[in-house]
Amino acid sequence: MPTLLTDLPNKSVISTLYFHLLAAWNERDVRAYAALFAEDAAVVGFDGSQMNGRAEIEATVGQIFADHMTAVYVGKVREVKLVAPGVALLRAVCGMVPRGQTDINPAVNAVQSLLATQRGDHWQITLFQNTPAQFHGRPDLAEALTNELRALV
């Protein structure tokens with residue numbers, strides 16, 4: 001999975017990095033997935049679990065792939081913001097389509113944040129957080145997000 005993306009404008013580079021991440025997950029390619037992260041990266045998973053460092057990310061995600069038939073992500077970038085030279089923040093929403101099905105499971109919609117840093121001519125993920133989009137007490141927001149994500153399937 002390439003991380004050399006200097007031929008694109010910075011915001012496109014970060015969006016591309018995010019979609020490479022989703023593609024690696026969807027293909028269940030743990031090496032490609034982990035390669036997108038910096039050596040000292042951190043991940044906060046959907047369940048609040050934390051992974052620190054590329055090696056732990058690869059080992060943990062590899063175990064997830066071995067133990068579970070993971071759903072396929074569909075995602076939509078909401079914002080990419082360059083917060084400092086060589087540092088970018090991406091905010092996205094995503095849904096998950098269980099394998100063998102054709103519709104999103106609304107119970108696992110999420111809001112995702114990705115912090116990317118440029119090291120030389122490479123952009124890598126430094127922090128990735130996947131937060132459930134539960135919208136407690138606001139079913140209209142949950143339904144609106146589900147409908148928005150269904151348009152991507």
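- Transitive grouping of hydrophobic side chains (ILVMFWY, heavy atoms separated by less than 4.5 Å) keeps Val77 and Val93 in distinct clusters.
- Nearest heavy-atom pair, Leu114 versus Leu17, reported as atom, atom and distance to 0.1 Å: CD2-CD2, 4.5 Å.
- A salt bridge links Glu148 and Arg78; the closest N-O separation between the charged side-chain nitrogens and carboxylate oxygens is under 4.0 Å.
- In this structure, Val61 is a member of the same hydrophobic cluster as Phe46, with clusters built from ILVMFWY side-chain heavy atoms closer than 4.5 Å.
- Leu90 CG to Leu82 CG: the interatomic distance, rounded to the nearest 0.5 Å, is 11.0 Å.
- Closest heavy-atom contact between Glu58 and Ala34: CB-CB, 3.5 Å.
- Using modelled atom types, no side-chain atom of Arg99 and backbone atom of Val72 make a donor-acceptor pair closer than 3.5 Å.
- Under the 4.5 Å side-chain heavy-atom criterion for Ile, Leu, Val, Met, Phe, Trp and Tyr, Tyr33 and Leu36 are members of the same hydrophobic cluster.
- Every residue two or more places apart in sequence or in another chain that forms a ring pair (Phe, Tyr, Trp, His ring centres under 6.0 Å) with Tyr73 is listed here: Trp25.
- Counting non-hydrogen atoms of other residues, nucleotides and ligands closer than 6.0 Å to CD of Glu143 gives a total of 12 or fewer.
- Counting only heavy atoms from C-beta outward, the side chains of Trp123 and Thr117 never approach each other to under 4.5 Å.
- In this structure, CE on Met51 lies 7.5 Å from CD on Glu56, to the nearest 0.5 angstrom.
- Within the 4.5 Å cutoff, side-chain heavy atoms of Leu149 are placed close to those of Leu152.
- For the pair Val87/Leu115, a side-chain contact is recorded, criterion being any heavy-atom separation below 4.5 Å from C-beta on.
- One finds the NE2 atom of His136 at 12.5 Å from the CG atom of Leu141 (value rounded to the nearest 0.5 Å).
- Legend: residues meeting side chain to side chain donor-acceptor pair (under 3.5 Å) with Asn105, ordered by chain and number and at least two apart, are absent.
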Stepwise side-chain contact (heavy atoms from CB on, under 4.5 Å) check, Leu127 with Ser113: CA-CA 8 Å; Leu127 174 67; Ser113 298; over 6 Å; no

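- For the pair Leu145/Phe135, a side-chain contact is recorded, criterion being any heavy-atom separation below 4.5 Å from C-beta on.
- Nearest heavy atoms, Gly75 versus Phe19: O-CE2, 3.6 Å.
- With hydrogens and angles left out, the side-chain atoms of Asp67 and Gln63 include a donor and acceptor closer than 3.5 Å.
- Interatomic distance, CE of Met96 versus CD of Gln101, reported as 12.0 Å (0.5 Å rounding).
- Distance check, rounded to the nearest 0.5 Å: OG of Ser15 to CD of Glu79 gives 10.5 Å.
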Evaluation steps, side-chain contact (heavy atoms from CB on, under 4.5 Å), between Gln118 and Val13: CA-CA 10 Å; Gln118 188 175 21; Val13 169; over 6 Å; no

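- Both Ile64 and Ile125 are members of a single hydrophobic cluster when ILVMFWY side chains are connected at heavy-atom separations under 4.5 Å.
- Taking every heavy atom of both residues into account, Asn52 and Ala42 meet most closely at OD1-CB, 3.7 Å.
- Taking the side chain as every heavy atom from C-beta outward, Thr126 and Arg119 approach each other to under 4.5 Å.
- Across every non-hydrogen atom of Ile14 and Ala116, the tightest pair is CD1-CB, 3.9 Å.
- In this structure, CD on Gln129 lies 10.0 Å from CD on Gln112, to the nearest 0.5 angstrom.
- Below 30°, between 30° and 60°, or above 60°: for Phe37 and Phe128 the angle between ring planes is above 60°, a perpendicular geometry.
- No single ILVMFWY cluster, assembled from side-chain heavy atoms under 4.5 Å apart, contains both Val111 and Leu22.
- Smallest separation of non-hydrogen atoms from Pro106 and Thr146: CB-OG1, 3.5 Å.
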